[in-house]
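Beneath this line is the structure, given in structure tokens, with notes to follow.
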Amino acid sequence: KDIIIFSRTGRMYKPPPPSARRKNIEFEPLSTTALILEDRPANLPAKSVEEALRHRQEYDEMVAEAKKREIKEAHKRKKIMRERFKQEDNIASAMVIWVNEILPNWEGMRATRRVRELWWQGLPPSVRGKVWSLAVGNELNITPELYEIFLSRAKERWKSFSETNSENDVEDVSASVADREASLELIKLDISRTFPSLYIFQKGGPYHDLLHSVLGAYTCYRPDVGYVQGMSFIAAVLILNLEEADAFIAFANLLNKPCQLAFFRVDHSMMLKYFAAFEVFFEENLPKLFLHFKSYSLTPDIYLIDWIFTLYSKSLPLDLACRVWDVFCRDGEEFLFRTGLGILRLYEDILLQMDFIHIAQFLTKLPEDITSEKLFSCIAAIQMQNSNKKWAQVFASLMKDNKEGDKNHSPALKS
């Protein structure tokens, strides 16, 4: 019996006998692709032999291209899996070395070439927090008991705020240098903006209260610094890798380092010197891009402040930011600025095509597909030496000449 069916146009027609239709089609990339082989409905002119042959050839080409894409994708997936397995093996091997050899002999081995090379490759997540704690140190001699004291004080302040102060009162008090502890209330506003895509630090998330506690305790511990936007990202990264009290100890000591203290206390004079030192190595390593930025009067403060405030944890994917932290804990503040130069080197060709506004926008929100391998390859190519002077020597020489540094660098910050 003949069967009447609907075509795509909605008209009814009688299909040709099976022998006249296509046979043994092994691969159909899309259901619509094969329509090119169909005969026209009976009420339309039939295909000529040449047209039918051309359609067959076009179809075969489409099938071949689809097969080629599928094979390419399969190879890509296999390559990714191989790299992932290799990375997991490397992490497992490194973890054994860190746990059994390095950590038990920390002071004697931390500065050896072998450990430094292993460190550069990234710390295994299982030992990351421990290594960070050891590398940052505890010059402030903070104990878990001291943390509990300042946490209790923070909770008392929160309670008094909620009972007696309106939002306007809080803003007035937090603006006062004499009582920076009032910035406790500002923490609540900022926590919700911390790694929002993870959903673990937001209200109701498993780490919300923990982050609140660490930041609140610090604000009471250092009322002279108070809470500054960006701190929540640093504390959050530490909380992901350390127990609560240990995270607070590392956080307080980290923010007590000269560079972090200068930025979080908004010490303009010191910040200008850091920017000036950065520009020395910027010009040395990327002279073409340096001149391009100069032509637009684009100063380092425009993009560096956000990077330094959050130690790249807001600007880079979290796993990549942690690897930056790994080497920052090894090399100190110099590596923060070397990383900045690595980012500029990675995107140099793109940035050279941009004007002031587009450069600022690009560096404020970096591409999400930035990879660890590409970035660290660019960082490795950055030479932190200028006229035989290393970072510390260049920075020290800038410190000697305050007036010259203030006069010539970063007008945007001075305003």
Find out whether Thr299 and Ile302 are in side-chain contact, i.e. whether some heavy atom of one side chain is under 4.5 Å from a heavy atom of the other. yes
Minimal heavy-atom distance between Ala217 and Ala154, with the atoms involved, is N-CB, 4.0 Å
Does any non-hydrogen side-chain atom of Lys68 lie less than 4.5 Å from one of Glu65? yes
Please enumerate all residues that pass ring-ring contact (aromatic ring centres under 6.0 Å, His included) together with Phe362, with sequence neighbours excluded. Tyr347
Min side-chain heavy-atom separation Phe251-Ile239 under 4.5 Å: no
Begin from the C-alpha positions of Lys390 and Glu284 and carry the test salt bridge (charged side-chain N to carboxylate O under 4.0 Å, His left out) through to its verdict. CA-CA 12 Å; Lys390 294 185 178 180; Glu284 179 79 22; over 6 Å; no
Steps toward salt bridge (charged side-chain N to carboxylate O under 4.0 Å, His left out) verdict (Arg69, Glu73): CA-CA 6 Å; Arg69 282 198 303 270; Glu73 285 296 319; over 6 Å; no
Distance in Å, Arg153 CZ paired with Leu151 CG, rounded so as to fall on 0.5 Å steps: 11.5 Å
For Asp331, side-chain contact (heavy atoms from CB on, under 4.5 Å) partners two or more places apart: Arg116, Val327, Phe335
What's the shortest heavy-atom distance between Arg265 and Val225, and which atoms? CG-CG2, 4.0 Å
Tell me, which pairs form a side chain to side chain donor-acceptor pair (under 3.5 Å) where one or both residues lie in residues 95-104, sequence neighbours left out? Glu101-Arg114
Side-chain touch Arg330/Trp120, heavy atoms, less than 4.5 angstrom: yes
Where do Cys259 and Ile308 land on the side chain to side chain contact (heavy atoms under 4.5 Å, CB included) test, with the steps shown first? CA-CA 9 Å; Cys259 180; Ile308 302 299; 4.1 Å; yes
Residues at least two apart in sequence or cross-chain that pass side-chain contact (heavy atoms from CB on, under 4.5 Å) with Pro287, listed by chain then number, are none
Got a second to check how far Leu298's CG is from Leu289's CG, nearest 0.5 Å? 9.5 Å
Which heavy atom of Leu211 sits nearest a heavy atom of Ser232, and at what distance? CD1-O, 3.7 Å
Quick one: sort the Phe395 and Trp391 rings into parallel, tilted or perpendicular, breaks at 30° and 60°. parallel
With a 4.5 Å cut-off on side-chain heavy atoms, are Gln260 and Leu311 touching? yes
Would you please name every residue forming a ring-ring contact (aromatic ring centres under 6.0 Å, His included) with Trp325, sequence neighbours left out? Trp132
Can you find a pair of side-chain heavy atoms, one from Tyr312 and one from Ile343, that are under 4.5 Å apart? yes
Pairs where residues 121-133 contributes a residue and the test salt bridge (Lys or Arg N to Asp or Glu O under 4.0 Å) is met, not counting sequence neighbours: Arg128-Asp326
Can you find a heavy atom in the side chain of Lys294 that is under 4.5 Å from one in the side chain of Glu279? yes
Qualifying residues under ring-ring contact (aromatic ring centres under 6.0 Å, His included), relative to Tyr147, sequence neighbours excluded: Phe248
Mind telling me whether Phe201 and Tyr207 have parallel, tilted or perpendicular rings, with 30° and 60° as the class edges? tilted
Taking every non-hydrogen atom, the tightest pair across Gly340 and Trp307: CA-CZ3, 3.7 Å
Can you label the angle between the Phe263 ring and the Tyr274 ring as parallel, tilted or perpendicular, going by 30° and 60°? tilted
By the salt bridge (Lys or Arg N to Asp or Glu O under 4.0 Å) test, which pairs, at least two apart or in different chains, include something from residues 205-218? none
What is the distance from atom CG of Leu351 to atom NZ of Lys288, rounded to the nearest 0.5 Å? 12.5 Å
Euclidean distance, Ile350 CD1 relative to Leu344 CG, rounded to 0.5 Å: 12.0 Å
Nearest 0.5 Å, please: how far is CG in Leu316 from OG1 in Thr310? 8.5 Å
Test of understanding: with ring-ring contact (aromatic ring centres under 6.0 Å, His included), list the residues that count as partners of Phe282, not counting sequence neighbours. Phe278, Phe290, Phe293
For Ile357, the side-chain contact (heavy atoms from CB on, under 4.5 Å) test, sequence neighbours excluded, returns Asp355, Gln361
For the pair Glu283 and Asn386, evaluate side chain to side chain contact (heavy atoms under 4.5 Å, CB included) and give the outcome as yes or no after the intermediate values. CA-CA 10 Å; Glu283 185 176 18; Asn386 174 263; over 6 Å; no
With heavy-atom distances below 4.5 Å as the criterion, would you say the side chains of His55 and Glu58 are in contact? yes
Can you list the steps and then say if Glu50 with Arg54 is a salt bridge (charged side-chain N to carboxylate O under 4.0 Å, His left out)? CA-CA 6 Å; Glu50 292 81 6; Arg54 189 176 76 251; over 6 Å; no
For Thr143, what residues pass the side-chain contact (heavy atoms from CB on, under 4.5 Å) criterion, not counting sequence neighbours? Glu145, Leu146
Would you find more than 12 non-hydrogen atoms of other residues, nucleotides or ligands less than 6.0 Å from Phe356 atom CZ? yes
Which is it for Val99 and Val96 under the side chain to side chain contact (heavy atoms under 4.5 Å, CB included) test, yes or no, and what are the steps along the way? CA-CA 5 Å; Val99 171; Val96 171; over 6 Å; no
Looking only at heavy atoms, the pair that brings Trp158 and Gly216 closest together is CZ2-CA, 3.8 Å
Gap separating the CZ atom of Arg157 from the OG1 atom of Thr219, nearest 0.5 angstrom: 10.5 Å
Show me the donor-acceptor pairs within less than 3.5 Å that the side chains of residues 370-383 make with the rest of the protein, sequence neighbours left out.
from   : atom 1 : to     : atom 2 : distance (Å)
Thr371 : OG1    : Lys374 : N      : 3.3
Ser372 : OG     : Arg323 : NH1    : 2.7

CD/Gln202: more than 12 non-hydrogen atoms of other groups inside 6.0 Å: yes
Closest non-hydrogen contact found for Phe264 with Met231 is CE2-CG, 3.5 Å
If you draw a 6.0 Å radius around NZ in Lys389, do more than 12 non-hydrogen atoms from other residues or ligands fall strictly inside? no
